[in-house]
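I have placed the structure first, in the form of structure tokens, so that the comments after it can refer back to it.
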Protein chains: 2
Amino acid sequence: MTKPAPLLQGTLDLIVLQMLRAEPTNGYDLAQRIQTVSRDVLHVNAGSLYPALYRLEERGLVHAAWKETDTGRRARVYSLTAAGRKHLAAQRAEWERFAGALSTILKRA
Amino acid sequence: MTKPAPLLQGTLDLIVLQMLRAEPTNGYDLAQRIQTVSRDVLHVNAGSLYPALYRLEERGLVHAAWKETDTGRRARVYSLTAAGRKHLAAQRAEWERFAGALSTILKRA
DNA sequence: TAGCACTAGTTTGTCTAGATATATAGACGG
DNA sequence: CCGTCTATATATCTAGACAAACTAGTGCTA
């Protein structure tokens, strides 16, 4: 097993927004999911994730609310705002443009 | 025309090494080529490129030599070392793993 | 031959954001 | 009641991207 790669800077927001689009959830669960969904390729550090969530909240892209989890614990549940949805679309497009361009370069003989 | 995207942190080394693999050249030309090859999607800032080249040289991944260009000017011509070639292969693999994982996440319903 | 634009390369200062490490606290199992 | 899991929080460190200005040589052109 190759060890989980550190995230490329700039991609964490995109990943978080995309995950929240599917379903609102809390930070801890988010980190777990990202790792699971990426089959352990992507690993999100808690110390990276929470500051990222605060930034996103401050920019109005996500909304946070204290709730009880099903296990009866308090947790901040994050959900996408309308602005967040819009931002996600833009970020996705940019990622595709970038990945496409880089892919082109890598494929050159 | 969309404006050229800033590079994702961590990808500059990969791009530079890949370009040098094809042909040794100087910094200025390198920047031009990257922009051209990516059809203006990728734009490399001189202030990012030169520090990156120094780092790569220091790590023994590229070799720099003062030469005369065809226009008779002095320029530092960079070429890949054996270690650089090896490093490039590793970086490429990691990029593919990462891009693949992110792509998977983005494709989830 | 003076002026100007372009090429080649450097330098500095600033900012973003992820990594690491550590702290806190409630819930649950043994 | 102790340790581990869940969950959030935060301080410090670091890489590296970017803007902007600068040096210096070259060559065109008016």
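Residue numbers begin at 1 in each chain, while the letters A, B, ... track the order of the sequences.
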From CZ of B:Arg74 across to C1' of C:dT10 the rounded distance in Å is 14 Å
From CG of B:Leu12 over to C1' of D:dG16, roughly how many Å is that when rounded to an integer?
9 Å
Send over the distance from B:Gln9 CD to C:dG18 P, rounded to a whole Å.
9 Å
Would you say CD of A:Glu68 has more than 12 non-hydrogen atoms from neighbouring residues, nucleotides or ligands within 6.0 angstrom?
yes
Using whole Å, report how far OH of B:Tyr54 lies from P of D:dA15.
18 Å
Is A:Asn26 touching bases, backbone alone, or none of the nucleic acid, heavy atoms closer than 4.0 Å?
sugar-phosphate
D:dG16 phosphate, OP1 or OP2, under 4.0 Å from B:Arg55 side-chain N/O
yes
To the nearest Å, give me how far apart CG (A:Leu53) and P (C:dG18) are.
11 Å
Over all heavy atoms of both residues, which pair between A:Val77 and A:Lys67 is shortest? Give the atoms and the distance, please.
CG2-CB, 4.0 Å
Taking CG from A:Asn45 and P from C:dT20, how many angstroms apart are they, rounded to a whole number?
6 Å
Just call it for A:Gly47: base, sugar-phosphate, or nothing, with non-hydrogen atoms closer than 4.0 Å on any strand.
base
Look at the side-chain heavy atoms of Ile, Leu, Val, Met, Phe, Trp and Tyr, link any pair under 4.5 Å apart, and say whether A:Tyr54 and A:Leu20 land in one connected group.
yes
Secondary-structure stems, DNA chain D, at least 3 Watson-Crick or G-U base pairs under 3.5 Å:
C:1-30 with D:1-30
Can you name the nearest heavy-atom pair linking B:Thr81 to B:Val62, along with the distance?
CG2-C, 3.7 Å
First encountered from the 5' end of DNA chain C, between A:Arg73 and A:Pro51
A:Pro51
Which is true for A:Asp13 with a 4.0 Å heavy-atom rule: it touches a base, it touches only sugar-phosphate, or it touches nothing?
nothing
Between C:dT11, C:dT10, D:dA7, which one does the side chain of A:Tyr50 approach most closely?
D:dA7
Judged by nearest nucleotide, the residue sitting upstream toward the 5' end of DNA chain D, A:Trp66 or B:Val44, is A:Trp66
Is it true that a side-chain atom of A:Arg92 and a backbone atom of B:Leu106 form a donor plus acceptor pair closer than 3.5 Å?
yes
When the distance from CG of B:Leu49 to P of D:dA15 is rounded to whole Å, what number comes out?
19 Å
Sidechain-backbone polar pair: B:Ser48 side chain, B:Val44 backbone, donor-acceptor under 3.5 Å:
no
Any A:Ser48 side-chain nitrogen or oxygen under 4.0 Å from OP1 or OP2 of C:dA19
yes
Determine, step by step, whether B:Leu8 and A:Gln9 satisfy the side-chain contact (heavy atoms from CB on, under 4.5 Å) criterion, reporting the C-alpha distance in whole Å, the side-chain angles of both residues, the deciding distance to 0.1 Å, and the verdict.
CA-CA 6 Å; B:Leu8 284 187; A:Gln9 264 189 235; over 6 Å; no
Can you check whether A:Tyr28 has a side-chain N or O nearer than 4.0 Å to OP1 or OP2 of D:dT8?
no
Could you tell me how far apart B:Arg59 (CZ) and D:dA15 (P) are, to the nearest whole angstrom?
11 Å
